[in-house]
Amino acid sequence: MNFFNFSVTFVALALVVVTAQQQHDPNYCYATDPIRPQLTRFSSRSAYETIRGRVINPGVSACTPAKFWFYSRHAARLPGVNDIGRMSTIQPQVNNIIAARAAGRGQAVCAQDFNLINNWRFDPNITVAVEQFLTVAGWNEILGISRRYRAAFPTLFPAVYNRNWYTFRHTNRQRTQASARAFADGLFGHNGYQQVVVEPILDPDRLLRPHDGCHLYDAASDNTVQRGLWQNGAEFQLMLNQVNDKLGLQGNQRLTARQTRTLWEICNFEQLWFSTVTAPFCGIFSPFNNLMLEYFEDLDYYYNSGYGGPRRLFENLNCPLMQDLVGFLETSNTSENVRIYSTHSTAFQLFLITLGVFGNDVPLTAANFAQQTNRQWRSTFLTPMATNIAAIRYNCPNGDNDVLFLMNEQPLVIPGCQANGLCKVNYIRQRYNRFLSANCGVLSCSNN
């Protein structure tokens with residue numbers, strides 16, 4: 001690097017650091033913040049309630065609602081195996097935080113936030129035996145979604161279960177099974193799921209886990225370059241220093257990047273499970289610190305299941321799902337009218353790529369965080385817990401049927417369709433025609 005380029009880089013870096021310092025409040029108190037903007041910035045551990053739409057408008061079309069297709073990520077869950085391992089062994093670092101306070105350091109943490117940290121212990125009931133199981137909060141998330149759609153489209157959801165009318169599918173994980181059951185309870189009442197016949201789980205499940213078994217996806221989905229550059233870069237390192245300084249940690253007791261992220265993840269999960277209480281460890285991070293941690297997650301998703309990966313491959317993976325969706329919207333079969341699918345965040349993000357939505361960003365990199373304030377590829381909004389897409393077909397008198405796309409109970413604009421989420425079934429067929437005539441067994445794991 002010549003002197004001129006080095007000087008420009010150094011000046012730009014200095015400006016970034018100054019900007020970050022200006023936006024960071026070292027005395028921020030989470031417990032007393034009535035707004036808590038972080039709640040809509042917890043990445044894929046965000047609660048559905050914080051991002052969902054508030055009004056479903058079934059009257060957007062003058063035609064008659066006839067079919068309902070629903071594709072959802074499971075709702076709030078417990079941590080996974082690796083997360084449990086890190087969270088259950090973080091207590092020594094928590095003890096260091098408490099000791100620093102006793103020594104007169106870490107006074108920037110307000111008393112309310114510190115008291116929560118001081119009293120925190122990892123829940124011993126969260127074990128590997130129940131890793132990633134659906135929580136009560138998750139059950140209630142899906143239950144609410146189901147009830148709101150039933151209220152918006154009462155003619156589509158008969159209160160008495162009929163196997164011919166309803167199709168339910170989920171993957172071979174407890175969290176998707178329980179999510180499907182919660183949706184059924186929202187339709188049929190308490191324990192209504194017990195009468196529901198669920199479709200057999202596919203193996204391999206090309207419909208709900210399209211990336212499983214695809215060697216090309218496995219090779220492409222381990223891209224950690226930008227995430228690593230971000231974590232080792234000046235902005236993220238400044239955030240780590242801000243957190244450690246706020247806690248009063250010194251020397252080898254200062255939190256590493258992994259330990260810092262673990263405390264943030266505990267904050268995310270515990271706030272997700274208990275929305276009406278203040279979660280410990282959230283007060284460690286200012287809202288601006290939180291944005292940097294969210295960006296770390298977004299870089300991961302962007303390259304491993306988003307537009308930063310091999311786009312054609314990612315589009316093709318959901319060939320079976322596109323055939324399922326369009327075929328369902330087009331069919332004249334009036335006996336099966338509701339399909340409910342429960343899946344996972346990776347599959348959901350890959351489906352967004354197939355649909356071609358949220359793809360207008362300048363590529364996310366470790367070097368352009370400041371320019372990505374309004375990025376579309378934001379995992380908090382794309383894949384919070386219970387994120388979902390609904391496609392509602394309306395029968396129109398002339399046969400030119402409408403379809404309404406909603407994502408998280410808000411209009412989802414398919415390119416070429418109306419801003420209110422409304423489109424024509426014939427246009428959807430035209431737009432995604434290459435999937436409809438394809439041999440998905442060949443296309444779905446290819447770059448063609």
Side-chain angles (χ1 to χ4, degrees), residues 53 55-72 145 148-150 152-158 162 164-169 183 199 206-208 210 315-343 347-348 350-359 387-440 443-444:
V55 178
I56 300 172
N57 179 16
V60 68
S61 170
C63 303
T64 305
K67 288 184 178 291
F68 182 85
W69 188 92
F70 185 79
Y71 184 77
S72 173
I145 295 168
R148 289 189 293 274
Y149 271 115
R150 183 188 64 185
F153 300 96
T155 59
L156 281 178
F157 300 105
N162 181 319
N164 291 327
W165 188 279
Y166 290 98
T167 296
F168 284 81
R169 284 188 182 274
F183 199 99
E199 298 302 307
R206 302 297 188 200
L207 198 64
L208 301 184
E315 287 177 349
N316 290 344
L317 286 167
N318 271 304
C319 178
L321 192 66
M322 291 307 301
Q323 290 188 352
D324 183 274
L325 168 61
V326 179
F328 180 71
L329 293 176
E330 288 188 321
T331 182
S332 58
N333 181 354
T334 58
S335 60
E336 186 206 7
N337 294 283
V338 175
R339 289 185 182 178
I340 309 298
Y341 295 159
S342 182
T343 185
F348 194 92
L350 290 169
F351 184 46
L352 297 178
I353 304 300
T354 306
L355 291 175
V357 293
F358 305 109
T387 189
N388 60 85
I389 288 177
I392 301 97
R393 192 188 89 183
Y394 292 75
N395 286 346
C396 298
N398 60 2
D400 188 15
N401 296 325
D402 289 338
V403 55
L404 172 64
F405 286 94
L406 299 173
M407 180 170 168
N408 301 330
E409 302 171 57
Q410 303 174 69
L412 173 64
V413 182
I414 303 296
C417 297
Q418 297 180 34
N420 60 6
L422 198 64
C423 206
K424 290 293 184 181
V425 172
N426 288 339
Y427 173 77
I428 294 300
R429 159 167 276 283
Q430 175 187 344
R431 177 174 173 80
Y432 301 111
N433 186 60
R434 76 181 187 88
F435 298 111
L436 309 183
S437 59
N439 178 346
C440 288
L443 181 67
S444 61

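All heavy atoms count here, side chains included; hydrogens, waters and symmetry mates do not.
Looking at heavy atoms from C-beta onward, T155 lies out of side-chain contact with T64 at the 4.5 angstrom threshold. S342 is not listed as a side-chain neighbour of F183, based on a closest heavy-atom distance of 4.5 Å or more. Side-chain contact between L317 and T354: absent, with no pair of heavy atoms (C-beta onward) separated by less than 4.5 Å. Within the 4.5 Å cutoff, side-chain heavy atoms of L412 are placed close to those of F358. The shortest side-chain heavy-atom distance between M407 and V357 does not fall under the 4.5 Å cut-off. Side-chain atoms of R206 and C440, non-hydrogen and from C-beta on, never get closer than 4.5 Å to each other. No side-chain heavy atom of L321 sits less than 4.5 Å from a side-chain heavy atom of F435. At a threshold of 4.5 Å between non-hydrogen side-chain atoms, the residues D324 and Y341 count as touching.
Of all non-hydrogen atoms in C417 and L422, the two that sit nearest each other are CB-O, 3.5 Å. In plain terms, the two heavy atoms of Y166 and P158 that are nearest each other are OH-O, 2.9 Å. In terms of heavy-atom proximity, A390 sits nearest to Y149 at CB-OH, 3.5 Å. Taking every heavy atom of both residues into account, C423 and I428 meet most closely at SG-CD1, 3.9 Å. Closest approach of A347 and L208 over heavy atoms only: CB-O, 3.4 Å. When all heavy atoms of G356 and P415 are compared, the pair lying nearest together is O-CG, 3.5 Å.
Between R393 and D402 there is no salt bridge, since no side-chain N of the basic residue sits under 4.0 Å from a carboxylate O of the acidic one.
Between atom CG of residue N420 and atom CG of residue L404 there is a gap of 7.5 Å, rounded to the nearest 0.5 Å. Annotation: the span from L355 atom CG to E315 atom CD amounts to 10.0 Å, rounded to 0.5 Å. Between the CG atom of N316 and the CG atom of L350 there is a distance of 11.0 Å, given to the nearest 0.5 Å. Atoms OH and CD1, on Y427 and I414 in that order, are 8.5 Å from each other to the nearest 0.5 Å. If you take CG on N401 and OG on S61, they are separated by 9.0 Å, rounding to the nearest 0.5 Å. Between the CD atom of E330 and the CG atom of L325 there is a distance of 9.5 Å, given to the nearest 0.5 Å.
Inspection of the T167 and E199 side chains reveals no N or O donor paired with an N or O acceptor under 3.5 Å.
Judged purely by atom type and a 3.5 angstrom limit, N337 has no side-chain atom pairing as donor or acceptor with the backbone of W165. Checking side-chain atoms of Q323 against main-chain N and O of A438 turns up a donor-acceptor pair under 3.5 Å. Counting only distance, with no hydrogens or angles, the side chain of N398 and the backbone of D400 share a donor-acceptor pair below 3.5 Å. Of the possible polar contacts, none joining the K67 side chain to the T334 backbone as a donor-acceptor pair under 3.5 Å is found.
Checked against ring pair (Phe, Tyr, Trp, His ring centres under 6.0 Å), Y432 has no partners two or more places apart in sequence or in another chain.
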Go through the steps for F351 and M322 under the test side chain to side chain contact (heavy atoms under 4.5 Å, CB included), then give the verdict.
CA-CA 9 Å; F351 184 46; M322 291 307 301; 3.6 Å; yes
How far apart are the C-alpha atoms of F153 and I56, what are their side-chain angles, what is the distance that settles it, and do they pass the side chain to side chain contact (heavy atoms under 4.5 Å, CB included) test?
CA-CA 9 Å; F153 300 96; I56 300 172; 4.0 Å; yes
Before you tell me yes or no, could you show the steps for V60 and Y394 under side chain to side chain contact (heavy atoms under 4.5 Å, CB included), namely the whole-Å CA-CA distance, both residues' side-chain angles and the distance that decides it to 0.1 Å?
CA-CA 10 Å; V60 68; Y394 292 75; 4.0 Å; yes
Would you check, one step at a time, whether the test side chain to side chain contact (heavy atoms under 4.5 Å, CB included) holds for F348 with I389?
CA-CA 9 Å; F348 194 92; I389 288 177; 3.6 Å; yes
